[in-house]
Amino acid sequence: MREISLEPLRLYPLASSSSGNAIYIGTDKSKILIDVGISTKKVQQGLENIGVNVKEISAICITHEHSDHIKGLGVFLRKYPVPVYATEETIAAIRSQKSLGALPDVFQVVYPDREFSIEQFNLLPLKISHDAANPVAYRIDGGEGRQAAVLTDLGEYNTYLEENLKGLHTLLLEANHDLRMLEVGPYPYVIKRRIASEYGHLSNKAAGEFLAKILHQGLRDIYLGHLSKENNYAALAYETVCQELRESIAGEYLESLRLQVVQ
Ligand SMILES: [Zn+2]
Ligand SMILES: [Zn+2]
């Protein structure tokens with residue numbers, strides 16, 4: 001019998017920054033998006049670049065209602081009306097945003113800490129601390145023991161996330177800002193305070209600290225994402241995270257790590 005080689009679970013950020021987010025998660029059998037904060041055209045092009053046809057996307061999971069995560073949703077759904085999974089509060093907040101235009105009736109409610117499935121995927125929404133209605137991160141079990149997670153837009157990490165994100169193989173992790181750049185940067189004081197707060201965004205240093213806690217031999221593919229254009233740059237995010245890892249027991253995994261910054 002001919003052996004069929006299946007594509008392992010793949011996570012690929014089509015875009016991940018403060019100006020727009022859309023993450024592809026897929027295998028040979030199932031293909032989904034986490035967030036649609038970029039145009040449908042950009043989604044199409046990004047997918048084409050990795051050999052995926054946009055028509056193969058069978059569902060969308062939304063983390064929260066901030067515009068950098070949903071602004072492309074209206075146009076996308078009118079063209080490709082696939083099921084959209086989000087918490088009840090996030091769905092209500094999305095529906096109240098008139099700028100998205102008319103939305104088809106495709107929404108499915110999910111609950112933090114309650115697993116649900118999309119085709120071969122088992123997904124677990126995880127509570128995150130962020131200034132949105134009821135934001136979540138997603139852990140995705142792609143079958144055959146492959147685990148991925150998308151963890152962005154959180155002001156702080158905690159032991160709950162640490163416990164729930166053990167044993168991953170691939171991860172998109174927020175490295176939003178460098179604290180010093182944020183402090184001396186151009187933002188008004190109130191916004192600086194919001195970003196650095198427990199309901200804001202993860203700094204490079206915090207990303208490195210968290211990664212050090214969950215890194216293990218099997219976690220090889222890591223993207224640092226959701227970088228702030230004003231308060232961060234790729235080399236600094238990369239170096240700060242590596243420095244945190246070097247200072248921890250996780251330093252031993254550094255050499256085998258495929259760590260990339262999404263630009
Ligand atoms: Zn946000
Ligand atoms: Zn965001």
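Position 1 is the first residue of the sequence, and the numbers go up from there. Counting starts at 1 for both ligands and their atoms, in listed order. Atom set for the values below is all heavy atoms of this structure, side chains included, hydrogens, waters and symmetry mates excluded.
We find the CD1-CD distance between Ile140 and Gln147 to be 9.0 Å, quoted to the nearest 0.5 Å.
Protein nitrogen, oxygen and sulfur atoms, that is N, O or S, within less than 2.8 Å of the Zn ion (ligand 1) amount to 4.
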Table please: side-chain donor-acceptor pairs of residues 256-263 below 3.5 Å, with sequence neighbours left out.
from: Ser256; atom 1: OG; to: Tyr253; atom 2: O; distance (Å): 3.1
from: Arg258; atom 1: NE; to: Asp221; atom 2: OD1; distance (Å): 2.7
from: Arg258; atom 1: NH2; to: Asp221; atom 2: OD2; distance (Å): 3.2

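Relative to the ring axis of Tyr24, Lys31 does not place its NZ or CZ within 45° and under 6.0 Å from the centre.
For His226, the N, O or S atom with the smallest separation from the Zn ion (ligand 2) is NE2.
In terms of heavy atoms, Glu56 sits closest to Gly51 at OE2-O, 4.5 Å.
Relative ring orientation between Tyr80 and Phe76 is described as tilted, the plane-to-plane angle lying within the 30° to 60° band. Below 30°, between 30° and 60°, or above 60°: for His226 and His69 the angle between ring planes is below 30°, a parallel geometry.
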